[in-house]
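In what follows, chains carry the letters A, B, and so on, assigned in the order in which the sequence lines appear, proteins first and then strands, with residues in each chain numbered from 1. Remember, predicted model here, so these are calculated numbers, not experimental data.
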Amino acid sequence: MIGDLLLTWMSETGSGTIHGLRSRAAWLARTENIDLPDYATGRWLRDASALGHCEVDWATGVWSVAPPVITRLPLADGLAVLAGSRRPRLLRALDRAGIYTEETNRAVPEGQLATPCTIFIPFGRPAEIEDAAAAANATYVGCAAAKLSAMLTPISKTATSAPPAYGSLLERLTEFSPRRRWKPVRPQSGFHKDGLFREQVHGRWQYLLLSQGNWHACDLADGIFSELARRGDSVFRWRANESDSARAGTLFVDWGAPLPPLHARAVVLCSGFAPRFGQNAETSIYDHIPHDIATRVAHSLQQQVQRIS
Amino acid sequence: MADTYILWQQLLARSFFHTHKGPIVLFVDDEELAKLFPESEDPARGLASAVLERVRPQSGKSMFKATMSALRNWQKDTRGMPPPILPVVAISVLAATRMRADSAARSTNYYLRLAQALLPDADSSTTQNLRENLSSGAFVDVVEMWRSLDKWIETQQGAVGTSTIRGHEHLSRIGYPLSQAIVRHSDRAQLTRFFLALDFELHTPPPSKVLIDSLEIWCAAKLNRLSETFIRSMNDPETRRLLAEVVEAHARAWDGQVLTSDGQPLINMRLALNTEAWEANWLFEVPTDGPSSLTLYTAKEKELVLADSTGRYYRAKGSPEVTGTQVREGLRIRGHGFTAEFHGSPTVFFCLDPEIGTWSSVTGLIPYEEHLLLADSAYVMDVQRVLEEAADSGWGTMPQRKSHLIGGFALFRNVRFSNGQKLDSTLSRFPKLRRIGVTPVSAPRPRIVRGLPIAKGISTSHYLAGGEPDLLLPSYPEPRHVEVVLDGFREELLANGFPLELRRFIDRTGPHTIEVDKTWEIRFTTLEEGPNPEPPSGTASLGWTERGTMTSVIEDFAVIGANVDGPDIFTSFFGLRGRDESWLLFADGRAEELTEPAQCGHTLTGRDIQLPRFEVHTPPSARWLAQRRGRLWRLIEIGVSTPFECELETDVVAAWKRACVDSNARRLWDLQISMAGSGA
């Protein structure tokens, strides 16, 4: 309910600040007596972005709702989902055009905010889904998951950066799996081993990769996967579906290595659902992922997909 | 001689009627006269002497004849300058500021004070005689002078400011000087803070009764101090209405700037705490229409340069170090044209500030929000007791590192209050803490906050259905009960700074009305959606480039949401379920049998959706999908935008194999499917 209400509000508002949206999400949860940890609203926004509903610029603190589209799920026997702006008039238009839709909510684990419901549109032929999109004044975009997985560019080091400032708060990433652990180091110490560091600048963490004596600025996700590649560690595991092993499977990624936004979107749009979280193994779990797509996403992050049974 | 009527007229004209925006208040008390006339030993006596050049107390009711005559002549003239009555109206204000209760007169005995001001050295019978003449009709002329002055200010169309001269329903004559005497300089500065808190549209304030009722609530907080005269006038039923009119005049003339007590526009200072880097520093808020850069001077005359007004705060160079004394007692840094001010307190609440990524001080406790709380060591024990009893669990003292972040203060983290009643009952045992700010931020009038506003371009009072706003009730520092009528339903509610979540009570769309204490009315409307069918501005304003970089340059968008540039590279094909056999036929004549996969409709959607087809990932060399049920084969072309389909009884798998190696067989294939297609 809250997830749907927030998406409708985003669709009616167009754009805004991340802070404003997160505080509204926390407020809505409070008015429904839902106890949320602080990070839950940020996770909700990441999920909404992965579902293709919005774009979020964390660097400048703003979001913008994406235009409404219908996208086909890969190897899903004729299931498409609605992504992007979801104004009530769009849903009415689909209804008026006699388009059959199925709204599905997943159970919400404690401490999380429900993502918007997934609206499935079953179809027999591609022409039917194009008609549905036209009726709702939306765009049919084909299989977004597959297209995204094909366009992901490999992570690479960015331009070199100045070393951390003398006396700044500097920490080095020591562990990834399953969670990240950072250990304080002295910036004034001239000698550091290669690795991923974070430095606090004006109260915010900025990430730096040290490679062969050169410092490179990066964002957290790129930094983590570069560091994973340097160490030769793999955090991608894929298990074929029991009932349909030839087509799709489940992808497991360690919590400590969050997927960059477009990579997350490529895998989330395989099922139309945000990832589940495996509390025991501390992994993010993505459903219905064709092996091809899992491989492309992993390769662009310099990762190999381990097949597990 | 300086103390002549004309010189006083010029001096007062220069001091009060120069070109400026905002309210004009002809406030003249002994202190103000001393500032205006620093070289005079007794400027009040000087003013009286000047007035007596034109006013003849011995003439009884026509004592102001000469001044009135000058006024009539002025009225016939171009009236470019203020009317020649300023010394007379000024002394009438001086008398109003001297209306204090003593053994000789009740505070309302205005005419005695005026008589004393006009004849400071007269004996008691002369003074009484003058008082009687003034009250029995002579003062009517002064009323006319006030009206002329008010009218003249109005005809200047704002060039010399906006008039705050007001009459009074009952005190019809003396209301005019009183209207100028009850708002001091310091009050004017405080009123600008009140107007900011009231948050109304510039130049269209709420009605005077709402203003004065809100002001009474606002000034109950320790931080919001108004002069004794002001408070007395507010509490006196005789003068309250006049004061309300005057405050309304000030509100109407307010230009949106908050002033400090020295009359300069305020640059609000906040305290920032960075608990990671263990640093404290001052933040300087950019005021509305504030300059892009400016220089202030600290107590030791050191320069403090504020630059870059593009964000919420200036970039500060030369900012003073934060000390415990400053936090406790406050800090003021003056410059030419602006004054930066921090209101000190022994307890300071902080919220996470998205602008700086760390904690910045706020004016009080905000219900439900996470705070850091800085507490003077003198209050730490009491603060701890309040936290133990009323705060949500999870709070704790912040371990100090090498040194205290602020000397003499303890720091508490994860401080959050979610239970208003618990906080009220705990604070009732710690009234001292309430007084120093451990209480929710007080609201001077009911307001609606939060909610999910929509159609903001055309309205500020429309909300998405289900996203109804919270109601913040006007609250004194002490909780109190207020009457709230929501859409016709009346309730007595406790106003304690915690919001009333209206979305819990409203279940219909349309207009809604809230009435609070029969004084304030708030209206808002809930809608299922915004009225404009066009996408709201800001939609699709962010996207990704081909290289996977976030951008707001629309021309560079390669990805936006689920819309990705380029062809649909994942080639797949749909076969019908429930066939006897299914084959993919390849360009080289090869055939590959397909096994119908399990239904994934239920797995994916969790609903009982039976999908009639199954999807096959087709390699580029696949040409046909052939499916048989009984004797009938269904053939569908692969790899074209409009696939050819037909049904035929031939064994298509064998026929295709032959057609790929033999030209005659190929011609037969073409003929067969062409005939089958035309018959289909």
Side-chain angles (χ1 to χ4, degrees), chain A residues 5 8-9 12-15 19 24 27 30-31 38 52-55 57 61-62 64-67 69 71 73-79 83-85 87-89 102 104 120 122 124-125 139 141-144 146-148 150-153 169 200 202-204 243-244 246-247 262 269 271 288, chain B residues 274 276-277 354 356-358 368 370 450 452 454-456 464 466-467 501 503-504 528-530 533 535-544 546-548 550 552 558-566 568-570 572 574 597-601 603-607 609 611-615 617:
Chain A
L5 188 60
T8 307
W9 179 71
E12 292 292 339
T13 308
S15 63
H19 177 71
R24 283 190 166 88
W27 163 73
R30 195 169 64 235
T31 59
D38 288 339
H53 296 318
C54 61
E55 297 293 0
D57 188 345
V62 293
S64 160
V65 76
V69 300
T71 178
L73 303 180
L75 298 176
D77 298 346
L79 277 177
S85 171
R87 301 184 74 188
R89 62 186 77 239
E102 193 68 61
T104 304
F120 288 101
R125 297 159 187 270
T139 311
V141 294
C143 182
K147 286 163 83 173
L148 260 175
M151 71 157 285
L152 294 172
T153 50
L169 186 62
Q200 199 169 74
H202 303 310
R204 291 189 172 137
S243 58
D244 190 11
R247 298 201 297 175
L262 289 184
L269 288 178
S271 68
H288 191 76
Chain B
N274 185 335
E276 301 280 357
I356 53 169
T358 55
Y368 306 112
E370 185 190 343
R450 301 191 183 91
L452 301 178
I454 56 172
K456 283 204 286 191
L464 185 65
E501 292 154 345
R503 71 182 295 265
R504 292 179 188 265
E528 293 289 350
E529 61 188 335
S537 123
T539 301
S541 55
L542 289 173
W544 300 84
E546 267 182 343
R547 301 284 308 156
M550 172 68 66
S552 55
V559 179
I560 175 165
N563 199 346
V564 184
D565 269 0
D568 201 351
I569 53 101
F570 199 74
S572 56
F574 292 89
Q599 276 277 358
C600 71
T603 322
L604 269 171
T605 65
R607 302 290 170 88
I609 298 181
L611 297 165
R613 294 167 190 254
F614 64 91
E615 191 171 350
H617 182 25

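- A donor-acceptor contact shorter than 3.5 Å is absent between the side chain of A/E55 and the backbone of B/A540.
- For B/D565 against A/K147, the heavy-atom pair with the smallest separation is O-CE, 4.1 Å.
- With values rounded to the nearest 0.5 angstrom, A/T31 atom OG1 is found 3.5 Å from B/R503 atom CZ.
- Across B/G466 and A/L5, no two heavy atoms sit closer than the pair O-CD2, 3.3 Å.
- Atoms CG and OG1, from B/L452 and A/T8 in turn, are 9.5 Å apart once rounded to the nearest 0.5 Å.
- Interface remark: B/F574 contributes side-chain atoms only to the contact with chain A (heavy atom separation under 4.5 Å).
- Of the two parts of A/H19, only the side chain, counted from C-beta on, holds a non-hydrogen atom closer than 4.5 Å to a non-hydrogen atom of chain B.
- Separating the OG1 atom in A/T104 from the CD1 atom in B/I609 is a distance of 6.5 Å, to the nearest 0.5 Å.
- Of the two parts of B/L464, only the side chain, counted from C-beta on, holds a non-hydrogen atom closer than 4.5 Å to a non-hydrogen atom of chain A.
- The shortest heavy-atom contact between A/A76 and B/L604 is CB-CD1, 3.7 Å.
- Remark: B/T539 engages A/V65, B/P535, B/P536 in a side-chain contact (heavy atoms from CB on, under 4.5 Å) (not counting sequence neighbours).
- With chain A as partner, the option from B/P533, B/G606, B/G566 having the largest number of non-hydrogen pairs under 4.5 angstrom is B/P533.
- Annotation for B/G548 and A/L262: closest pair CA-CD1, 4.1 Å, computed over non-hydrogen atoms.
- Proximity to chain B (any heavy atom under 4.5 Å) is shown, for A/R30, by both the backbone and the side chain.
- The distance from atom CD of B/E528 to atom CD of A/E12, rounded to the nearest 0.5 Å, is 10.0 Å.
- Other residues, nucleotides and ligands place no more than 12 heavy atoms under 6.0 Å from the CZ atom of B/R547.
- When every heavy atom of A/T153 is checked against every heavy atom of B/E546, the shortest pair comes out as CG2-O, 3.8 Å.
- When A/G61, A/S85, A/G124, A/C54 are compared by the number of non-hydrogen pairs under 4.5 Å with chain B, A/G124 comes out ahead.
- Both the backbone and the side chain of A/S271 come within less than 4.5 Å of a heavy atom of chain B.
- Put simply, the side chain of B/S541 never gets that close to the backbone of A/S64: no donor and acceptor are under 3.5 Å apart.
- Taking chain B as the reference chain and counting heavy-atom pairs below 4.5 Å, the highest number among A/A144, A/A150, A/P88, A/A66 is found for A/P88.
- Both the backbone and the side chain of A/W9 have a heavy atom closer than 4.5 Å to some heavy atom of chain B.
- When heavy atoms are compared at a cutoff of 4.5 Å, B/R613 approaches chain A by way of both its backbone and its side chain.
- Heavy atoms only, all atoms of each residue included: B/E615 and A/L73 are closest at OE1-O, 3.9 Å.
- Of the listed residues A/G84, A/P122, A/P67, the one with more heavy-atom pairs under 4.5 angstrom with chain B than any other is A/P67.
- Between B/N274 and A/Q200, the closest side-chain pair of non-hydrogen atoms falls below 4.5 Å.
- Only the side chain of A/A83 has a heavy atom closer than 4.5 Å to any heavy atom of chain B.
- No donor-acceptor pair under 3.5 Å is formed between the side chain of A/E102 and the backbone N or O of B/T605.
- How far SG of B/C600 is from CG of A/L79: 6.0 Å, rounded to the nearest 0.5 Å.
- For A/L148, the parts sitting under 4.5 Å from any heavy atom of chain B are the backbone and the side chain alike.
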